[in-house]
Amino acid sequence: MAYSNYSNLSRAQLTFEYLHTNSTTHEFLFGALAELVDNSRDANATRIDIYTEKRPELRGGFMLCFLDDGIGMDSNEATHVIQFGKSNKRSPESTQIGQYGNGLKSGSMRIGKDFILFTKKGNTLTCLFLSRTFHEEEGLDEVIVPLPSWDLKTKEPLTSDPEKYAIETELIFKYSPFKNEHQLMEQFNKIESSSGTLVIIYNLKLMDNREPELDAETDHQDILMAGMAVEGVKPERRSFRAYAAVLYIDPRMRIFIQGHKVRTKRLSCCLYKPRVYKYSSTRFKTRAEQEVKKADHLAKIAEEKAREADSKRVALEASLGEDLSKDSRAILRKVQDSAMMLRRDADMKKRILEAKQKALKEPKELNFIFGVNIEQRDLDGMFVYNCSRLIKMYEKTGPQLEGGMACGGVVGVVDVPYLVLEPTHNKQDFADAKEYRHLLKSMGEHLAQYWKDSNIAQKGIVKFWDEFGYLSASWSAPPSSEPRYKRRRAMEIPLTIQCDKCLKWRTLPFQMDAVDKRYPDSWVCLMNPDSNQDRCDAPEQKQNLPCGVLKKDKQTAEDKQKELTEKIRLQQEKLESLQKTSTIKSAADVKKLPLEVSMKPTESSSQATRSSERSTARPRSPPLPAHLKNAQSTPPSRAASQRLTRTPASPPPKVEPSRSRAAAKPPPPAARPAPKATAKTPPSSRSSRVRYRTKIISFNLTLTIFSVNVFLTAEVVMIVLFLQVSEKAAQQEPENDTKNAQKGEDDWPKKKAITFKYISIYVFFLIFVFTDKGLLVEVRVNKEWYTGKVIAVESNKQSVRWKVKFDYVPRSTPKDRWVFKGSDEVRLMRPPSPISQTPDTQQETEKGPAPMEPDTTQPGTSREVTDSLVTMLRTMLRYFFPPAFRIPKDDVNSMTAEELVAFPLKEYFQQYESGLQSLCNSYQSRADARAKAVEEKSNNAEVKLKEADEKLQKLRTNIVALLQKVQEVRLAKCKGEKRTCT
């Protein structure tokens, strides 16, 4: 058919390429389906049926149909559908959802390639056909839209151009699923009410596996998102039935999917202990400013028209003069009436402008409703509606973003009018992201207030959820189905159901036999057991919600000044610590350190240290365990000190005593024994030994930095330990002498094994000591319980202290607190489950007793780690057990975790220390003998040796400087935590 034949057909005001581009705005497929539901709601429909019809010949295998009983459209109104951006609903005071004149086109084109619309209004039947398949096969650039109409009674076409009607119906029969006029009339017959609309979408979009994106086969009462897992996905993102149930904040339209009624919800009626908070703000100005600009533009245009009409009236009056003929008077009266109407219109638009300018300065008021979802606690977060239509769901805010169980299970609901926030075209977000973030922040503040008003945290979060049957370890697990728990939940939330006839919502009184009762889809008021609400003419009961008030802590000027001073002090300390320290990750970073560093603190630094110590007023933290103290006080070995220099006349710099454990004074270097000549060793072995010594000390520095970052409460112990071991290892030569190895005299493998045994055992022991970090606990503060997490642990022989950072506390209460493990002020909580990515919505447990509540459990993750580390420690102790130790080796297997903590590691390590010392001394003498032989044989080797010794001396100096910097870091850290460093 020639392109010219379509010249008299209706055209959409856009290009064909825009059809696809416009549809891509719907990333969420259910959002595209919701666009067609919105159109039915705006058409005052009381019922919409969403169903599928199998058509194997079509792409996707079925058609998706939307049938409503709304007001419908006549032929003139149907033309507005194909005018993109044109909408009669657009006005500031409008409560209708559609504002852009875009939803039907973008939504239907996102679901499939083609759609056909049948609508009935009055005595007119109209069909609208929009097909991308037709345009692609015909090669058309413009969007051609056939739009034939018929008389309702006679079924005769309503057209003054028979040729146009013939072309339109021919295109519909060729490219639509309906091949003749009889089949078209059958679709109109599906609209049983006096008016309504039927939209049929076909040739559906497919996934990569050539299957349709919508699954209509798995559940015959639902339409599902194909290819989506069940676990970890919110039901509203997988099931269209679940999404349609919460699509509107106050549903007044019955929705049927696949012939079965959707049990729509009013979210505020489905929550435990709902409470409303009035919120007022002047921050939402973007939409109001746009309305003011628009009103100003319209007022100027109206004023200009009125001025022109007045000028025309005055000129006509002057020209007529005394001419009072009948025709002249008629012309004058017409001009005067026109000028009067335009002047009245200009005055009205001016008043509208003034009203909008005044409204711009007035605060916008919103109602925040919060409640607890005791039916399924993992479905929590904020539901944000716009003009009653759901825009965002499960938005986390306030305490829900901080982790833990604070505000877990709480659902928030707010309905935002257009004048406050404007949604995007796809109705899945808001156009002004900055103002939307401000809305969420405000909801977070009110959410924290609701959590405090509900007294859930004060009474105990775990106990609260146990009352409603949440006994499982996982936060996402459903509650218990035992009858007593079902009755408990049903008693707290009365059932609210909608009458199928009058569409009013009725709250049913609680009845024991009604728990888990299945109500029919056609439930009417007559079935209500409440005698006051058992008829449709009875007024609908309003939900009476208690009103909460956001209580902001008022700070005095003195408190504000103290807070500001404290912030400035902390920032200055951070800056100073950053200036004093540098990160060392490799040998290259060691070379960048200054060559000469004096360990004697300057006068200014000493004064700063003393002043920082005096300024810390918080009591000192409990001391470390005894075995850690002993390890900490152990100085570096004498052999290590002896090997650091070749010339006794150049001793290493001495370390001044300090208040910090990190600056323990090393013993003075002892005189080296005279080297003795032994077997000849090539010069290459000497340089190889030097390279190895450089590598092992660099490795030592890396481990030192690691220990400071990981084991903050034992960093000094780790530094001393690693320095001891690595300095001893640095003395040992990795080159194997073949002859000595054959004689069994090469002890290097044994030395290396002992070195890494020493390191490994102590590292795992420290990890074992500090496995309480990360526990979720509840702490009683001022007779109220608050949730938090253990962020630091300090222990001694008598007790263990936890530093707990709270999830939420009032402003007047510190954000963290030190508590004693096992005291009456602290109790464990079930932690979040590792299955979920959001720590505030998942938890798991592993059984163990709790101090306060018998049913509270130990955290599974921490217990598993502890058991694993205990097993490792026990295995390593047995595997590396010293000979003739006073404790039998077999007794280690039967030791408990507490007995392992009390294991005499000092004595255990001393045996390895003595063995390692003797091995180092014997190997030292052999190395010195080799060195002597090389010195006597080659002057070149002597030069290389001197260069190597200079490098080692620099490394020794840099290590001493590192210790000083670590001490400064520790002092800065102690000062930041306001505790005394000793």
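- Within the structure, salt bridge (charged side-chain N to carboxylate O under 4.0 Å, His left out) contacts touching residues 265-283 (residues at least two apart or in different chains) are D250-R266.
- K486 pairs by the salt bridge (Lys or Arg N to Asp or Glu O under 4.0 Å) definition with D516, not counting sequence neighbours.
- Shown here are the salt bridge (Lys or Arg N to Asp or Glu O under 4.0 Å) partners of R238, two or more places apart in sequence or in another chain: there are none.
- Annotation: side chain to side chain donor-acceptor pair (under 3.5 Å) contacts involving residues 522-539, sequence neighbours excluded, comprise R506-Q533, R535-D537.
- By the side-chain hydrogen bond (donor to acceptor under 3.5 Å, both in side chains) test, Q498 pairs with no residue at all, sequence neighbours left out.
- Considering only residues two or more places apart in sequence or on other chains, H438 meets the ring-ring contact (aromatic ring centres under 6.0 Å, His included) condition with F284.
- Residue pairs meeting the salt bridge (charged side-chain N to carboxylate O under 4.0 Å, His left out) criterion with at least one member in residues 468-485, sequence neighbours excluded: E482-R484.
- Contacts of F510 classified as ring-ring contact (aromatic ring centres under 6.0 Å, His included), with partners at least two apart in sequence or in another chain: none.
- For Y394, the ring-ring contact (aromatic ring centres under 6.0 Å, His included) partners at least two apart in sequence or on another chain are F383.
- Pairs of residues two or more places apart, or lying in two chains, that qualify as salt bridge (charged side-chain N to carboxylate O under 4.0 Å, His left out) and include a residue from residues 489-500 are R254-D500, K261-D500, E375-R489, R488-E492.
- Judged as a salt bridge (Lys or Arg N to Asp or Glu O under 4.0 Å), and not counting sequence neighbours, the contacts of K821 are D772.
- K434 pairs by the salt bridge (Lys or Arg N to Asp or Glu O under 4.0 Å) definition with nothing, not counting sequence neighbours.
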